[in-house]
Amino acid sequence: MTFRIAEVIVDVAAYPVDRPFDYLVPEQMQSLIECGSRVKVPFGPRNVLGFVVGLKEDTDVPIDKIKEVTKLIDIEPVLTTEMLQLAKWLKNKTICFEIDALQVMLPSALRAKYEKMVTLQTDIENLPIDLQEHFKKSGRVNYKVFEKLHLLQTLKMAISHKLLAVEYVVKQQGNVKEIRKVKIADDANQLNEISAQISNRAKKQKLLVEWLIQHVGKVMDPETILTETNSSMAVLQAVIDLGAAKFVHQEVYRDPFTKEVKKTTSLHLTDEQTVALEKITSSMENKQPETFLLHGVTGSGKTEVYLQAIQQCLNDDKEAIVLVPEISLTPQMTERFRSRFGELVAVMHSGLSVGEKYDEWRKVHEGKVKVVVGARSAIFAPFDNVGLIILDEEHESTYKQEDSPRYHARDVAIWRSEYHNCPVLLGSATPSLESYARAQKNVYTLLTLKQRALKQSLPTVEIVDMREELKSGNRSMFSEKLVESIRIRLDKKEQIVLFLNRRGYSSFVLCRDCGTVVQCENCDISLTYHRSNEKLKCHYCGYEQHVPRECPQCQSDHIRFFGTGTQKVEEEILKLFPEARVLRMDVDTTRQKGAHEKLLESFGEGHADILLGTQMIAKGLDFPNITLVGVLSADTSLHLPDYRAAEKTFQLLTQVGGRAGRSALPGEVVIQSYTPEHYAIELSKEQHYEPFYQLEMTMRHQAGYPPYYYLALIQVSHEDLMMAAEYAQKSVDYLRSNLSFNVSIIGPTVAGISRLQNRYRYQCLIKYKIEPKLIPTLMQLIKLYRSDWIKKGIILTIDLDPSTI
DNA sequence: AGCACGCCGACT
DNA sequence: GTCGGCGTGCTC
């Protein structure tokens, strides 16, 4: 069946073009073009990339308006029909442009880049003098050249006289990496002839050809040939010129794995693990789109359950997707998958280069792998026979994308599970309240692992009241208890992890005379001191400045930095324990690619005694020699203005606690706090999830937060304060008059960060239980914004189920 | 988005 | 008179 008309979503993210456009398919393309293919199409005056989302016989578009598809970019479509459907669902669910939903499913290498080029339409002599020189080398020159040299007027003239024309070139990366190999001629006789021709003086060439005769027709690495025959490149080139062999190019995948891994086999399961696994596999057999919540204490062996469930899935000849929160942080995790499933695993995460990401994607697309382990976006892995989807550390907020499309990987996972009739497995030691509540209501099936896999007891946890320390005259950031515990481990040559819950607590610069805190020029946020380059930096917009010598407000020179950054802690440790080897892990030491892996590996091999870091070390670390975990200040995340503050604190403390005593050696955890009586801190002591859940649910119920209510967050920003406030109010008025009475609309209020990148920010929060009118109303609001407010410089964003407010 | 078209003010 | 300011409207 062939179709003449293609429906195309063009690569332009704008409200009026957020719909399919019809194009004629040239005859020679008709048998090749498919839904999900990328095409190049003329759009207005330019050429853009687009996705074919439909094919049909006829169109209502008048014949004089319709244009032809210029080029079919892919022989194999890059998106399946599943993905096209999913994009439509995402568009509705998250209120985004369809093109954004489509793009997010593909590696960035497949995204187009556009260039405006000027082409010569006549003899070069006819051009104005100052333009001539630019076209000497080539008849096509980048438009930017003229822009920079302020030649636009002359250019415009030349264009209107048809001497030059503007062309829009679609460029796309998607470069396949090739390596150069040597293909030796197939014909031995021919090689003998060549050998005979070579002058006797060219001994090396002769020897090489003799050697090549032994390997007729083979394709080999140039390096191998050179070392085997002890020749140089010049010699090889010479015989290639004679026709004895030729260079060929072979497609390869870039290999992001630096380390070889040993093959492992299934471990013996505990009774609890066996029960969980059986439930999952039977659901797989029944082809049920069932969602499981695997609640297992830290160290209970959730990963082994994943691995064996995946094994089952592979046995059924189906594929599995495993999501891990920002995977580059847990190389140990990926290693476990690679060691079990070897070459069948692709890994996708932000630490890979564009090319590496593309290659991992291609492995999936071409069916070379059966398992994907990756961060959030791996949920779009283009498998077509998914048998199991796993989200590890289900409660992590990184599963929610913070810009358009603002999707939650869990929602996409459940959508895909319904499409493929397969189970979803959510795993966590500290499930999100939403998920646990759903499990309580039997929307999800709860599976519980109460015991640690190796029957180790949970670490002993001690909570130190820092107020008492202060009263007894200890003003350092280490309690006596912690100092003592560290000393014991150092003596015993056991390892220590110190955890600095740094959020909202980083070093800032403060004037001791007037109390001024140095703030960012563009945002209402204090700047963070970075020791490595002696600069102050804004973590939100990237603004940098030197550390001021005097206070910008009162010119006093009593200005210095405060707070507890990891660097500061490191200094303090070294003062107390000069002999300790400290490994610091923070943004500064892990910026380089692969730095995480290296630091962790070095710690695992015992090259340091103390690992010091922020959130990033809370997860996944699994080293047998760690017996002490210290949390320097448990409260910092507790006082954030976010309804999830208690939940996040509980999760964090439970996670870090789980790092200690994972093998035979018993573990100890010391938690320092200024509010030790808070339930989130107290209950994390024994990993008492259930009572925490009950208490926190009561709080959420009282305050009207999820899981009792759904949230939608509307943000309005503008360079002018009054404009931002005015339009925020307009939004609220609009919502109030269109939504039901039982929906509560809070705001407009000033956003948490009231000014960001020179824009004033207001927000409004919608709380609702069931509101069928919500999506249509928000759609109307966004229509209003996109068709009118946007011109006035307003930026409005809608976040359904925001992860933070 | 990005561009063309078109209608009004201040300049060679 | 014309150059160029940016409001308006369109893109198969």
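Protein chains get the first letters and strands the later ones, always in sequence-line order, with residue 1 at the start of each.
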Charged tip of A:Lys767 within 45° of A:Tyr705 ring normal and under 6.0 Å: yes
Start and end of chain A contact along DNA chain B [non-hydrogen atoms, under 4.0 Å]: B:dA1 to B:dC3
CZ (A:Phe135) with more than 12 external heavy atoms under 6.0 Å: yes
Sugar-phosphate or base contact per nucleotide [nucleotides 7-12 of chain C; S, B, -; heavy atom under 4.0 Å]: ----BB
Touch class at under 4.0 angstrom, heavy-atom based, for A:Lys116 against every strand present: sugar-phosphate
Selection residues 44-82 of chain A - residue pairs positive for ring-ring contact (aromatic ring centres under 6.0 Å, His included), sequence neighbours left out: none
ring-ring contact (aromatic ring centres under 6.0 Å, His included) partners of residues 10-37 of chain A, not counting sequence neighbours, each pair once: A:Phe21-A:Phe43
Residue A:Lys67 excluded, over 12 heavy atoms near NZ under 6.0 Å: yes
Contact list for residues 81-99 of chain A, test salt bridge (Lys or Arg N to Asp or Glu O under 4.0 Å), sequence neighbours left out: A:Asp18-A:Lys91, A:Glu82-A:Arg416, A:Lys91-A:Glu98
All N/O donor-acceptor pairs, side-chain side in residues 34-41 of chain A, below 3.5 Å, sequence neighbours left out:
unit_1: A:Ser37; atom_1: OG; unit_2: A:Glu34; atom_2: N; d: 3.2
unit_1: A:Ser37; atom_1: OG; unit_2: A:Glu34; atom_2: O; d: 2.9
unit_1: A:Arg38; atom_1: NE; unit_2: A:Asp74; atom_2: OD1; d: 3.4
unit_1: A:Arg38; atom_1: NE; unit_2: A:Asp74; atom_2: OD2; d: 2.9
unit_1: A:Arg38; atom_1: NH1; unit_2: A:Leu110; atom_2: O; d: 2.8
unit_1: A:Arg38; atom_1: NH1; unit_2: A:Gln172; atom_2: OE1; d: 2.9
unit_1: A:Arg38; atom_1: NH2; unit_2: A:Asp74; atom_2: OD1; d: 2.8
unit_1: A:Arg38; atom_1: NH2; unit_2: A:Gln172; atom_2: OE1; d: 3.3

Side chain to side chain contact (heavy atoms under 4.5 Å, CB included) assessment of A:Arg644 paired with A:Thr804: CA-CA 8 Å; A:Arg644 279 200 170 93; A:Thr804 171; over 6 Å; no
